[in-house]
Amino acid sequence: RAGETRNIFLNIDMIPGTSRSVASCMDITERIRAEEALRKREQSYKNIIETIQEAYYEVDLQGNFTFFNPSVYTKLGYLYNELTGVNFRDYMNDDDERKVFEAYHHVYVTGEPVTALEFAAKTRNGGIIPVEASVSLRKNNHGDVIGFKGVVRDITERKDVEKALRKSEERYRLLAENSSDVICTFSIDGLFTYVSPAIKAFSGYSPGELIGKPFDDFLMPESHDVARNILASEIAKPSGKRRGSGRFELKHRTKDMLVKDIEVTSNWILDTQGEPVGLQVSTRDITERKQSEEALRRSEERFRDLAEMLPETVYEADLEGTITYVNKSGMEHFGLEEKDLGNGLKMKDVVAPKERSKMQENLASLFRGENTGLDEYLAVRKDGSTFPVLAHSSLIERNSRPMGLRGFLVDITEKKNLESLLLHAQRMESLGTLAGGIAHDFNNLMMGILGNISIMMMQMDEKNGFYERLKNMEDYVKRGSELTKQLLGFAQGGKYEVKVTDIKEFIRGSTDMFARTRKEIRIHTRVSKNVWPVRDLTHEAVALILNLYL
C-alpha cells in the first residue's frame with residue numbers, strides 16, 4: 001500500500017480432487033537483504049584476499065589445499081589448478097614437514113593459533129623461499145573443525161637483512177675483540193654492558209670485572225664531573241641533535257692504581273624513536289702521547305726562553321712562509337709590533353726585492369733536504385731601511401713531515417764596516433810595501449851615483465873647476481837618499497823586509513850597472529870567497545867597496 005517492494009517466498013499447490021489451489025506467502029525481504037550484505041562482505045573479503053601480498057590458504061584436516069589466493073601460486077611459480085588439492089607436505093622438506101605437522105596438531109588439540117612459524121617453501125623450479133606462517137582452526141557453521149587456515153609471508157628480504165646484520169655484528173665483534181682500543185657500551189645510567197678483551201692489557205681488569213659497574217668508578221676524581229657533565233649536556237639536547245659526545249680526554253685509574261691519560265670517542269645507542277638507550281665508547285691510551293706533548297711543550301718553552309735571551313733575530317714560519325714567531329730582539333731590530341705578525345707578515349717582506357728570488361731558491365733546496373748553510377741577504381726594516389744579514393734556516397718536522405721553518409738572522413753591518421776598514425788597511429799596506437820596494441831600489445841607484453861621484457872627487461884636485469860641482473851633486477844625492485829614508489819610514493806599516501845581503505852578488509850587480517853606462521868600459525871582478533854577508537849598507541860603505549874593487 002505504501003509502494004514498498006518486498007521480496008516474498010511463494011509456495012502453491014493444488015488441492016487434491018479439486019480444481020482449486022492453495023498458496024502460502026512468506027516475506028523474505030530481510031533475509032534477501034542479509035544474504036546480499038553477506039555476499040558483498042564475501043566479495044570484499046575475496047577482493048582483500050586476492051589483492052594482499054601475503055599468501056592466504058585453507059587446508060582440510062589432512063592438509064590438502066581447499067582454497068588459496070593468487071599470492072600462493074604466483075610466489076611458488078605454480079598454476080592455479082596445479083596446487084588445488086595438493087598436500088602441504090609436497091612443497092617442503094622433511095624437517096619442515098614435521099615442524100608444520102606439529103604446529104597443526106598443536107592448533108587442533110589446543111584450539112590456540114600458532115604465529116611466526118618459519119619454514120622453507122619449495123618453488124616449482126626447485127628453489128627455496130623462506131616464509132613465516134600463522135595457523136588457526138577452520139570451523140563450519142555448526143562449530144565443527146573442518147581444517148586449518150593461515151597467512152604465509154615471504155621473509156626473504158628480512159632473512160637477507162638478518163644475515164647482513166649478523167655479518168655486520170660479527171665484523172663488529174671481531175673489530176672490538178682485536179682492536180688495541182678498548183670498545184665498550186654503557187646503559188643510559190652509565191653502567192658497563194659490554195667491554196672488549198683489550199681492557200685486560202689496557203687496565204689490568206677483565207671484562208667480567210667491569211660488567212654492571214659504573215664507569216666513573218674507574219676514573220680519577222677530577223674526571224668524574226667532566227664525563228658526567230658531557231653526558232648530561234648531550235642527553236638534554238633535542239633528539240634530532242644528538243650526535244654523541246665526540247672526543248674528550250679523561251684520566252683513568254688502572255687495577256694496579258696507575259694513572260693513564262685516555263682519549264674517549266662516544267656515540268649514542270638510540271631506540272626506534274631516536275631516544276638514547278645507551279652509549280658506545282672507544283677508549284685509547286694516550287699516556288705516551290701526552291708525555292711527548294708535555295716534553296715538546298717544555299722543549300718549546302726552553303726554546304722560547306733561550307730565543308728571547310739571544311741578541312740576534314730568531315724566527316719561525318709556516319709552510320706558506322708566514323712568520324709565526326719572532327723573538328724580542330728581532331722585533332726591535334726590524335721595528336716590528338705584534339700586530340704585524342697577526343696581519344700575516346711573510347718572509348719575503350723582510351728581505352730586499354732583489355734578494356727574494358735567491359731566498360726562494362735557498363728555501364727550495366732546504367725542502368729538498370740539502371744543507372744550505374749560511375746565506376747572506378739584504379734585510380728590510382719596517383721603515384724601509386736596509387741592513388746586511390747572515391741567515392740560517394732549518395725545517396720544523398713532526399713525525400718526519402715538514403711543518404714549517406725555524407732559523408736565525410745575524411746583523412753583519414759592523415762586520416761589513418770592519419771588512420771595509422780591513423780592505424782599506426790592506427790597500428795601504430800594499431801601497432807601503434810598493435813604496436818601500438821603490439825606495440830601496442831608488443836608494444841603490446842613488447848609492448851607485450854617489451859612489452861614482454866619490455871616486456871622481458878622490459881622483460880630482462879640489463882646485464879643479466868641476467870639483468865644486470861634483471860636491472854639489474854629492475849633496476843632492478845625499479838629500480835624495482834622505483827622501484828614500486822617509487819613503488822607507490812610510491813603508492814601515494807594509495810588509496817590506498830588509499834582508500841579509502850577499503856582498504859578492506851585490507858587487508857583481510853594481511859593476512854590471514856601471515858597465516852599461518859606456519860601451520868602451522870593460523869590468524873584471526875578483527871577489528874573495530870568504531866575504532861576510534851584511535844586513536844593511538850605508539852609502540859610505542858602498543863608496544868604500546866600489547873604491548876597493550873598481
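A donor-acceptor contact closer than 3.5 angstrom is absent between the side chains of T254 and Y205. Remark: the H333 side chain and the D411 side chain contain an N/O donor-acceptor pair separated by less than 3.5 Å. Between the side chains of S206 and E209, a donor-acceptor pair is found at a separation under 3.5 Å.
Ion pairing between R381 and E332 fails under the 4.0 Å rule for side-chain N and carboxylate O. The pair K167-E162 does not meet the salt-bridge criterion, since no charged nitrogen lies less than 4.0 angstrom from a carboxylate oxygen. Looking at K290 and E249, a side-chain N of the basic residue comes within less than 4.0 Å of a carboxylate O on the acidic one, giving a salt bridge.
Using modelled atom types, no side-chain atom of D96 and backbone atom of F119 make a donor-acceptor pair closer than 3.5 Å. Checked by atom type and distance alone, the side chain of R166 never pairs as donor or acceptor with a backbone atom of V161 at under 3.5 Å. With hydrogens and angles ignored, the 3.5 Å screen pairs no side-chain donor or acceptor of D318 with any backbone N or O of G404. At least one donor-acceptor pair closer than 3.5 Å links the side chain of S196 to the backbone N or O of I183. Panel note: side chain S223, backbone K251; a donor-acceptor pair is recorded below 3.5 Å.
Around the NZ atom of K255, the shell of radius 6.0 Å holds more than 12 heavy atoms that belong to other residues, nucleotides or ligands. Counted within 6.0 Å of OH on Y476, heavy atoms from surrounding residues, nucleotides or ligands total 12 or fewer; the atom is thus considered open. Counted within 6.0 Å of CD on E222, heavy atoms from surrounding residues, nucleotides or ligands total more than 12; the atom is thus considered enclosed.
Atom CG in D375 sits 8.5 Å away from atom CG in L390 (nearest 0.5 Å). We find the CG-CG distance between N362 and L374 to be 11.0 Å, quoted to the nearest 0.5 Å. Separating the CG atom in L409 from the CD atom in E376 is a distance of 11.5 Å, to the nearest 0.5 Å. Going from atom CG of D261 over to atom NE2 of H252 covers 11.5 Å, rounded to the nearest 0.5 Å. The line from CD of E118 to NZ of K99 is 7.0 Å long, rounded to the nearest 0.5 Å. Note that CD of Q280 is 9.5 Å distant from OG1 of T193, once rounded to the nearest 0.5 Å.
Using a 4.5 Å cut-off on side-chain heavy atoms (C-beta onward), V281 and T265 make no contact. You'll find the side chain of L341 reaches within 4.5 Å of the side chain of M331, heavy atoms only. When side chains are defined from C-beta on, I323 counts as touching M347, because their heavy atoms get closer than 4.5 Å. Here the side chains of I262 and L219 are in contact, with some heavy-atom distance below 4.5 Å. For the pair L336 and L345, the minimum side-chain heavy-atom distance is below 4.5 Å. A 4.5 Å side-chain heavy-atom check between S393 and R406 finds every atom pair outside the cut-off. The shortest distance between side-chain heavy atoms of E54 and V152 does not fall below 4.5 Å. Side-chain contact check for I129 versus T123: some heavy-atom pair is nearer than 4.5 Å.
In summary, the aromatic rings of F192 and F215 are positioned with their centroids too far apart to meet the 6.0 Å limit.
Listed by first and then second residue, the salt bridge (Lys or Arg N to Asp or Glu O under 4.0 Å) pairs that reach into residues 382-394 are D340-K382, sequence neighbours excluded. Counting only residues at least two apart or on different chains, the salt bridge (Lys or Arg N to Asp or Glu O under 4.0 Å) pairs with a member in residues 359-370 are R368-E370. Sorted by first and then second residue, the pairs that involve residues 341-357 and meet salt bridge (Lys or Arg N to Asp or Glu O under 4.0 Å), not counting sequence neighbours, are E355-K358. The stretch residues 301-314 participates, sequence neighbours left out, in these side chain to side chain donor-acceptor pair (under 3.5 Å) pairs: R297-E301, R304-E316, E308-Y325.
Taking the side chain to side chain contact (heavy atoms under 4.5 Å, CB included) definition, one finds that E397 meets it with L395, sequence neighbours left out. Applying the side chain to side chain contact (heavy atoms under 4.5 Å, CB included) test to K200 and every residue at least two apart in sequence or in another chain returns nothing.
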| task | Test F334 against F387 for ring-ring contact (aromatic ring centres under 6.0 Å, His included), laying out the working first. | result | CA-CA 10 Å; F334 282 84; F387 61 100; 5.4 Å; yes
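Taking the centre and axis of the six-membered ring of F218, the NZ or CZ atom of K213 falls outside the cone set by 45° and 6.0 Å.
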